[in-house]
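Values below: every heavy atom of this structure, side chains too, minus hydrogens, waters and symmetry copies. Throughout, protein chains are lettered first and strands after them, A, B, ... in sequence-line order, and every chain is numbered starting at 1.
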Amino acid sequence: MGNYIGKVVKRVEDPRFIQGKGRYIANLNLPGMSYAAIKRSPHAHANIKSINVEKARNMEGVIAVMTGKDLAESGLGTLPCGFTPPDIKLPPYPALAIDKIRYMGHGVAVVVAESRYLAQDALDLIEVNYEVLDAVVDAKKAREEGAPQVHEETPNNTSFYWPIGDKEAVEKAISEADHVVDLNLINQRLVPNAMEPRAVVAQWDDFSGEMTVWTTTQNPHVIRVLMSAFTLFIPENKLRVISPDVGGGFGSKIFHYPEEIIIPWLSKALNRSVKWVSLRSESFVTDAHGRDHVTNCKLALKSDGTFTGLYVSIHANMGGYLSLFAPMVPSALCLTLLNGIYTIPAIYGETYGVMTHTVPVDAYRGAGRPEASYMVERLINIAAQELNMDPLEIRRKNLIQPDAFPFQTQVALVYDSGNYPGLLDKAEEVSGYQAMRAAQKQARGEGKLVGIGVSTCIEACGVAPSKAVISLGAGVGLWESGSIRVHPTGMISVFTGNHSHGQGHETTFAQVVADELGVPIENIEVIHGDTGRSSMGLGTYGSRSNVGMAALSKTAEKIREKVIKIAAHQLEASVEDMVYDQEKGEIHVKGSPDKKKAFGEIAFACLTAHELPDGMEPGLEETSFYDPENFVFPNSAHICLVEIDRNTGEVEIKKYTAIDDVGKVINPMIVEGQIQGGIAQGVGQALWEHGAYDDQGQLLAGSMMDYAMPKAGKLVDYQVDRTETPSPHNPLGVKGVGEMGTIASTVSMANAVMDALSPLGIKHLDMPLTAEKIWNAIQNSGS
Amino acid sequence: MTVNISVTINGTTYQKDVEPRTLLVHFIRDTLGLTGTNIGCDTVQCGACTIHMDGMAIKSCATLAVQADGSQITTIEGLAKDGELHPMQQAFWDNHGLQCGYCTPGMIMAATKLVENNPGITEEEIRHGLEGNLCRCTGYANIVKSIKAAAQAMGGGA
């Protein structure tokens, strides 16, 4: 047991945030800074007949006005897509629209001015003449005959088709089943709304030919590769990408965005530093949205509740263009999780990737996995109702048992470890499930609409094994790097390719290294978010920072090996006789604890370098590159209690219990914080949030006035607890925690609401389960 | 056209010429370089830009700089005194009341006034009082916990 891993350590990054010293890009000011603002299309589908920028260009204080045509003529690339299943049709995605608009919000021109106010003023002087065309916003309707076509390259608006599993076996299971639940559902579109709007600053150095780009990204190294190879064509060694403090991501800051081309391009062309900070109203129509699936799914069962087959068919809305990882989300990240934590003998899933006249859709917290859990867990709940079984019991009956690991699912993945019955038992106990059911019975007798929601879920995270993700269609492997530089005085700089945008890596990564080397955490700084400092890494998303932690664990092992060799040399003992005390940071001779060297002494010896073993290089610095052998599979069981006001349809959350197995825990405070935040985001989808469009592609929920973000007054104090089965695939046994809360809470909340409404004979309502929707359903139920 | 205004922020008086349309938050951030006050929306929903003006918690994105002429303002940078964190700042740190930190300055400024105005504040009142402050990371549980702890430390608390 070390001094730090598994313990609550207050976050080392907090002092700067609580004192207003966060290093967000909007706070960055460089000498000679100019300010960009982007003219965006108010229409979803239109031909650009002409653009007149003369008035704007002539305005005092305006430095330049450029259009999509100017950008196209500059020879820069279009935005790449990094997940390309076989036969995908990939229309080019220009950073600024050239002659056609395919979603409301796509930029058509950009102004650079001496101040942000002047840049905004100049936008109003740009005259764009549009020929407005009919739009299509619904993924199912977009594939129908006669629908408006988004791209010539994607006939029937279909970009790709991705099937997995054994269709024949599932059809047989359905035809032979005692009972089949057949459900059409919509997993609605969400707007991520990280609190910090995106921002880009670019600084071109004409003298050295170097470009520095500050951008609000979760993965600066990935963005640099894409800029270098696909868009800006600046060699990587002349291109530095920095993402300092980033104010939340939730997936929306993974992708290569148009502004990451436009702003550096302008900086080079004008030889000025250029800054662009998104307005929230721009975020709504430019940050990649999440979810938006239209789905048919079927669960086949025996009359005793045993699952025999699962069928899923998804129309996934990709929006007007394919964002960086968009095709991966409803396919490889969704259908491969249909197995849940159950034994299902036959599974088949298929996804149509569909273009529409809407903002591009991509990964949003959970990314495909919440959609998978939502289908599976809604089907199970309806099956329980129809077979008159308790929702816990029907799940328990079908769980994968603890002795079945590694468990090969019917949809590609091999689960690493788990104790699913133990998980469910704990959720039942901690939530007081049986007492809640008894109370519910009584409340129903009094005419109250009380519901209990149950869900389990599983996530494939630590995204991860390069061979696996490339075989599924990804364009890059997803390993991670970790470097440890021990300075001569024993102080340590840790470099990671992961990125913290709220997760607290500066604390947790330091905890890991502190324990691995036996040094005080105060002596360690964790550096991330700068391609000029860290080695190549793939960034943070898909609950994958455990991959970076594992890399650091391996690096620390290399450091220990070298330290031991030096200590053995200096103490005139053999390497085999040395003991590295990781609690004290001392290296002593076995059986002679007084014959020892402190970690700091060895660090200094690596500077003086005259007492090293023959042939050993001086310095104390190591790097590892870690590519996991498998994903890790955190899992959870959530149970919640709601009451619905019959007269208003309003849902009141009474209680929320979350039991999660995230493997070994590095810092319980941070793990609980991740779960709590995840729960609120999932509940937001279940009850309030909806990126709603009208049928001509106008985003109706285009501001925080119209888009219902979760608020403190609507939420409760969550009961968060856990079970722990370490992952055998990760050297630290950790499984990842970033997305669990969201994946599980969306459907547990939806199940609670539907349980409350079940006495009225209401089988299913699509999210968000707003008061209005519920009130109408109650009125129409005739009760 | 510009207007000359005089504003005292965190104990320092600034005399500046501003365009009448300048938002107070832009004056604070861009003109004075006090970037601790963040901007999270453009429709006065998120509360990231909350500051104290003449003893009240206000959203500086919904106020013009000229309206602040002659006023006393405290921003997040001025909350700690003599190198000591304000109990609200300390409580947010102690209770993991922040993740990405972006909403935090506004949360802390809003919460400080909530507690000052209602020393015996209850959990329900805290949750209601945060109506105008959005956080996407924490799910609010630890923010509420932080404010409760700060209320105790500030001499009240339910």
Side-chain angles (χ1 to χ4, degrees), chain A residues 8 10-11 13-22 24 26-27 29 115-117 192-197 245-250 277 279-281 283 500-504 669-670 672-681 683 703-705 709-718 720 741, chain B residues 19 21-22 26 29-30 33-46 48 75-80 85-86 88-90 92-106 108 123-124 126-145:
Chain A
V8 170
K10 276 168 60 180
R11 298 204 324 170
E13 44 272 86
D14 284 3
R16 67 176 185 268
F17 292 128
I18 57 178
Q19 298 183 83
K21 295 173 185 166
Y24 304 106
N27 301 347
N29 276 304
S115 82
R116 80 163 73 221
Y117 280 41
N193 275 320
M195 290 312 301
E196 179 207 26
D245 286 329
V246 171
F250 315 109
V277 180
L279 301 171
R280 178 61 58 184
S281 49
S283 307
S500 182
H501 30 282
Q503 295 89 340
M669 176 189 82
I670 285 178
E672 278 175 27
Q674 287 290 317
I675 297 288
Q676 290 169 343
I679 291 170
Q681 245 166 325
V683 169
S703 79
M704 283 182 172
M705 251 192 292
M709 294 274 284
K711 291 187 175 186
K714 297 278 188 190
L715 293 160
V716 294
D717 198 12
Y718 325 100
V720 175
Chain B
E19 273 191 83
R21 62 175 177 166
T22 306
H26 290 145
R29 287 177 52 83
D30 301 342
L34 292 167
T35 54
T37 303
N38 292 327
I39 302 172
C41 74
D42 39 30
T43 50
V44 205
Q45 257 75 42
C46 83
T75 67
I76 188 71
E77 290 96 335
L79 203 57
L85 292 177
H86 185 281
M88 191 62 73
Q89 291 171 308
Q90 187 67 46
F92 269 69
W93 189 11
D94 292 345
N95 294 284
H96 192 27
L98 60 145
Q99 290 182 23
C100 81
Y102 199 78
C103 75
T104 309
I108 287 176
E123 170 160 349
E124 200 183 338
I126 292 170
R127 286 184 178 274
H128 182 71
L130 294 178
E131 170 73 19
N133 289 79
L134 297 177
C135 169
R136 195 54 150 168
C137 294
T138 65
Y140 302 100
N142 286 342
I143 289 176
V144 174
K145 196 172 156 193

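- Scanning for side chain to side chain contact (heavy atoms under 4.5 Å, CB included) contacts around A/S283 gives A/P197, A/S278, A/R280, A/D287, with sequence neighbours left out.
- When the candidates B/D94, B/I126, B/L79 are compared by the number of heavy-atom contacts under 4.5 Å with chain A, B/D94 comes out ahead.
- Taking all atoms of both residues into account, the shortest heavy-atom contact from B/F92 to B/T104 is CD2-CG2, 4.2 Å.
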Quiz prompt | Intermediate values then yes/no, side chain to side chain contact (heavy atoms under 4.5 Å, CB included), A/Y718 and A/I675 | solution = CA-CA 9 Å; A/Y718 325 100; A/I675 297 288; over 6 Å; no

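- Highest contact tally toward chain A, considering only B/E124, B/Q89, B/H96, is held by B/H96 [criterion: heavy-atom pairs under 4.5 Å].
- Both the backbone and the side chain of A/I670 come within less than 4.5 Å of a heavy atom in chain B.
- In this structure, the portion of B/L85 lying under 4.5 Å from any heavy atom of chain A is its side chain and not its backbone.
- Only the side chain of A/R116 has a heavy atom closer than 4.5 Å to any heavy atom of chain B.
- The main-chain N or O of A/P192 is found under 3.5 Å from a side-chain atom of B/R136 such that the two form a donor-acceptor pair.
- In terms of modelled atom types and a separation under 3.5 Å, the side chain of A/R11 and the main chain of B/Q99 share a donor-acceptor contact.
- Ranked by non-hydrogen atom pairs under 4.5 Å with chain A, the options B/E77, B/R29, B/H128 are led by B/R29.
- When heavy atoms are compared at a cutoff of 4.5 Å, A/V716 approaches chain B solely by way of its backbone atoms N, CA, C and O.
- There is no contact between A/D245 and chain B, counting heavy-atom distances below 4.5 Å.
- Across all non-hydrogen atoms, the minimal contact from A/A680 to A/P710 is O-CG, 3.6 Å.
- Minimum interatomic distance between A/D717 and B/A141 (heavy atoms only, all atoms of both residues): OD1-CB, 3.9 Å.
- Atom OH of residue B/Y102 and atom NE2 of residue A/H501 lie 15.5 Å apart, to the nearest 0.5 angstrom.
- Contacts with chain B were tallied for A/R16, A/Q674, A/M669; A/M669 has the most, counting heavy-atom pairs under 4.5 Å.
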Practice problem: Take B/C100 and A/E196 through the side chain to side chain contact (heavy atoms under 4.5 Å, CB included) test and state the conclusion after the steps. | Solution: CA-CA 9 Å; B/C100 81; A/E196 179 207 26; 5.9 Å; no

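- Chain A forms more heavy-atom pairs under 4.5 Å with one residue of B/N142, B/T75, B/L130 than with any other, namely B/N142.
- Proximity to chain A (any heavy atom under 4.5 Å) is shown, for B/T37, by neither the backbone nor the side chain.
- Remark: A/E672 engages no residue in a side chain to side chain donor-acceptor pair (under 3.5 Å) (not counting sequence neighbours).
- Smallest separation of non-hydrogen atoms from B/C46 and A/M195: CB-CE, 3.5 Å.
- For B/N95, no part lies near chain A; criterion is any non-hydrogen pair under 4.5 Å.
- Heavy-atom distances place the backbone of B/T138, and not its side chain, under 4.5 Å from chain A.
- When each of A/A194, A/P15, A/S500, A/G249 is scored by its heavy-atom pairs under 4.5 Å with chain B, the top score falls to A/P15.
- Contact of B/N38 with chain A is made through the side chain alone, with heavy-atom distances under 4.5 Å.
- Within the 4.5 angstrom heavy-atom criterion, atoms from both the backbone and the side chain of B/L134 approach chain A.
- Residue B/H86 does not touch chain A at all, counting heavy-atom pairs closer than 4.5 Å.
- Note that OH of B/Y140 and CG of B/N133 are 8.0 Å apart. Values are rounded to the nearest 0.5 Å.
- For chain B, the nearby parts of A/L715 are the backbone and the side chain; heavy atoms of each come within less than 4.5 Å.
- Neither the backbone nor the side chain of A/V683 comes within contact range of chain B, judged by heavy atoms closer than 4.5 Å.
- Looking at A/E13, there are no atoms closer than 4.5 Å to chain B (heavy atoms on both sides), in backbone or side chain.
- Interface residue B/Q45: only side-chain heavy atoms are found under 4.5 Å from chain A.
- Of the listed residues (A/V8, A/N193, A/N27), the one with the most heavy-atom contacts under 4.5 Å to chain B is A/N27.
- Note that CD of B/E19 and OG of A/S115 are 7.0 Å apart. Values are rounded to the nearest 0.5 Å.
- Per-residue heavy-atom pair counts under 4.5 Å with chain A were compared for B/V144, B/I143, B/D30, and the maximum is reached by B/D30.
- Note that CD1 of B/I108 and CD1 of A/I18 are 6.0 Å apart. Values are rounded to the nearest 0.5 Å.
- Heavy atoms of A/Y117 lying under 4.5 Å from chain B belong to its backbone as well as its side chain.
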